[in-house]
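Since the model is a prediction, treat every value here as computed from it, not as a measurement. This chain uses plain numbering: 1 for the first residue, then up along the sequence.
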Amino acid sequence: MNIQLEKMKQNQERERRKRLAEEKHKEWVQKKREEERRERKRKLSKEMAEKATRELEKMQLQEKADVKYKEWLKKKRAEEAEKKKKEMEKEKEREAELQEKRTRSEKIFKEWLQNARNKPQPALNGYGLPHGKSTGLY
């Protein structure tokens, strides 16, 4: 009877230890899972922060590029406007010169016309020859 009682106690003790070991194992597994979950969460948040930082840098770089492009475009348009203005001025000067040349030409032509009217007409029979032609003898 004592031996049976002793065996029963040993079995109960073994069962109790087995349950304790299982509980400790479950706790350890649960802690490990919790730790892994926290680690994944931390990595994910770190990656998200890095991604946000990269996006922010990319946006800042894009804004800087846009500003530089707008400045360049403004400068280019100003240069083109200046060039166009100079071309217009040259065209006006050319037109003015042409107009002045025409005016001068008309004035000279009128003077010539006036002088041509007042000039005496040449003699029809030049050099005293009949009909202005020589008769064959020199």
With sequence neighbours left out, which residue pairs that include part of residues 3-20 fulfil the salt bridge (charged side-chain N to carboxylate O under 4.0 Å, His left out) condition?
E13-R16, E13-R17
Under the side chain to side chain contact (heavy atoms under 4.5 Å, CB included) rule, collect the residues that match up with R38, sequence neighbours excluded.
E34, E35
If you define the side chain from C-beta out and look only at heavy atoms, does anything of K51 sit under 4.5 Å from E47?
no
Hydrophobic cluster (4.5 angstrom, side-chain heavy atoms) - remaining members for F109:
W112, L113
Remaining members of hydrophobic cluster (4.5 Å side-chain criterion), I3
none
Who pairs with E50 by side chain to side chain contact (heavy atoms under 4.5 Å, CB included), at least two apart in sequence or on another chain?
K46, R54
Residue pairs meeting salt bridge (charged side-chain N to carboxylate O under 4.0 Å, His left out), one or both in residues 86-115, sequence neighbours left out, come to E91-R94, E100-R104
Taking only residues two or more places apart in sequence or in another chain, which ones pass salt bridge (Lys or Arg N to Asp or Glu O under 4.0 Å) with R33?
none
Among residues at least two apart in sequence or on other chains, which ones pass side chain to side chain contact (heavy atoms under 4.5 Å, CB included) with Q4?
none
Holding to salt bridge (Lys or Arg N to Asp or Glu O under 4.0 Å), I want the full list of residues that pass it with E39, two or more places apart in sequence or in another chain.
R42
Can you give each donor-acceptor pair under 3.5 Å made by side-chain atoms of residues 56-71, sequence neighbours left out, with the distance rounded to 0.1 Å?
unit_1	atom_1	unit_2	atom_2	d
Q62	NE2	D66	OD1	3.4

Qualifying residues under side chain to side chain contact (heavy atoms under 4.5 Å, CB included), relative to E27, sequence neighbours excluded:
none
